Each structure stands twice: as structure tokens, then as C-alpha cells.
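Just so you know, these numbers come straight off a predicted model, no measurement behind them.
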Amino acid sequence: NLVRLPDEIEFVTASSLGCRFITSFRAVKEQAKVGPGHWIAVWGCGGVGLSAIMIAKGLAARVVAIDIADDKLEFARSLGADAVVNSADISDAAAAVKDLTGGGAHASIDALGDPDVVFDSISCLRKRGKHVQIGIMEPGRHRTPIPMDLVIGRELEIIGSHGMQAHKYPEMFEMIRDGGLQPEKLVGKTVSLSDGAEELMNMNSFSGAGVTVITEF
């Protein structure tokens, strides 16, 4: 995609949009069709998940954030998450989400890409709920089990989401201009290009919260 960046959006904010924010925008708004008062569960509080939380709140939804790291969950709270669940601390995260949402989420997003997360994300939905898959599985883990009994019994939808078309960007830009979305809050830290290689090598450790942006060259 090649889109014109509005003058009001400065470069660090624009860089935080990257692939993660625009992908989350379409997943939350167009694929999950999240609206005011809906409960959305977001599994994984990395760049994609944090973006999805902010966007869902911008659409007046209520959000449960799920992760295994307390610092990431605290960051999710700072972006507006109404409730958080540390899935490392409990035996049934899906049941916890159902309790918090009064019967299950209207929509649930796997923002990580893990077979266990897929299963739990589908399991936490209320009747006629939507599971949206953004996270990409590691090689060899793409064929994942799903609770088909729940899919049938609750008439659930399973939807894939990948990127966003160029003609959809203006709507997102307008929400940023109006202050309904503030992607600059996703920036956890800025680094120099010389530090970028080390940051890249450490990405698999999933340490730190928020998005890292290279600002010095």
C-alpha cells in the first residue's frame, strides 16, 4: 500500500502504525464488527494486541486483555483495557474471560498466533460470537485443533484478517485526527539505527512493553 500521510500525523506516530495498527484496525472494525458496548477479548499484548485494544476502545467497546506478563497487562490498562487476565496464573483463562464479560465476549482476537490461544479465544465467546485470527503460527503449527462443538452449538464465526486496503486508511486517519485513536501512546521506546540490530535480535524474548521505533540514523 502507498498512502499519503496527513500533515497532522508526525513520523514517529506514523511509524507506529506499521503493519500492526492497520491490521488491527480492519480486524476490529470490519472483520469483528465491534461496536459500542460490545466485549472484545484480545489475546496477546504485543504491538498487534495493544493496537486492537486502543481501536476497540475508540469504537466504544469494552476490552479484556490477556497475556502472561504483568508489565504488558499494565500497559494494556493504560490504553484503556477494562479488565486483564494473566493466563499464566490461572488454569482456565477462557472461563475467566466469560466471567468478566457476563457470559462471553462478542468478539475475540488471537493477536499472538498460538494453537492454545486459538482454542481459548474460541472458547471464551458468547453465542454468535466472532473469533478473528490475526496472529501467524510458527512453522509446523499451522494445523491447529479448534472446539468444533462450541462453533456449532454457539453458532460462532471464525474469521481470518490480514492487512488493510489502501482506500480504508482515510477513516483511520480521521479517527487519529479527532483524537479517538492515539497510536503514539503505543511507542514504548525510541532507539538509534545502530541499536536496531540488537533490538531485532531480542524480539523473540518478548521483553518490554509497547512498540520500539528507530528515530536516529
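Remark: side-chain polar atoms of S121 are not paired, donor with acceptor, to backbone N or O of V117 under 3.5 angstrom. Without hydrogens or angle criteria, H131 side chain to I158 main chain gives no donor-acceptor distance under 3.5 Å. Under the 3.5 Å distance criterion, the side-chain polar atoms of R154 are left unmatched by any main-chain donor or acceptor of R128. The backbone N or O of R20 lies less than 3.5 Å from no partner atom in the side chain of T23, so there is not a single donor-acceptor pair. Checked by atom type and distance alone, the side chain of Q31 pairs as donor or acceptor with a backbone atom of G160 at under 3.5 Å.
The minimum heavy-atom distance linking D67 with K72 is given by the pair OD1-CD, 3.8 Å. Considering all non-hydrogen atoms of both residues, S16 and P183 come closest at OG-O, 3.4 Å. The nearest pair of heavy atoms linking P145 to F119 is O-CD1, 3.9 Å. When every heavy atom of D114 is checked against every heavy atom of M137, the shortest pair comes out as N-SD, 3.3 Å. Of all heavy-atom pairs spanning L59 and V34, the tightest one is CD1-O, 4.0 Å. The shortest non-hydrogen separation linking I66 to S87 is CG2-CB, 3.9 Å.
By the 6.0 Å contact criterion, CD1 on I68 is open, its count of non-hydrogen atoms from other residues, nucleotides or ligands being 12 or less. Heavy atoms from other residues, nucleotides or ligands lying under 6.0 Å from CD of Q165 number more than 12. Other residues, nucleotides and ligands contribute only 12 or fewer heavy atoms inside 6.0 Å of the CD atom of E198. Atom CZ of F11 sits in a sparse spot, with 12 or fewer heavy atoms from other residues, nucleotides or ligands closer than 6.0 Å.
A distance of 6.5 Å separates CD1 of I53 from CG of L79, quoted to the nearest 0.5 Å. To the nearest 0.5 Å, the span separating CD on Q182 from OG1 on T13 amounts to 9.5 Å. Between L112 atom CG and Q133 atom CD the span is 9.0 Å, to the nearest 0.5 Å. The distance from atom CG of L5 to atom CG of L17, rounded to the nearest 0.5 Å, is 8.0 Å. To the nearest 0.5 Å, atom CG of residue L181 and atom OG of residue S24 are 11.0 Å apart. Note that CD1 of I22 is 9.5 Å distant from CD1 of I55, once rounded to the nearest 0.5 Å.
Between E171 and the choices R26, K29, R177, the salt bridge (Lys or Arg N to Asp or Glu O under 4.0 Å) rule is met once, by K29.
Between E199 and K189 a salt bridge is recorded (basic side-chain N to carboxylate O distance below 4.0 Å).
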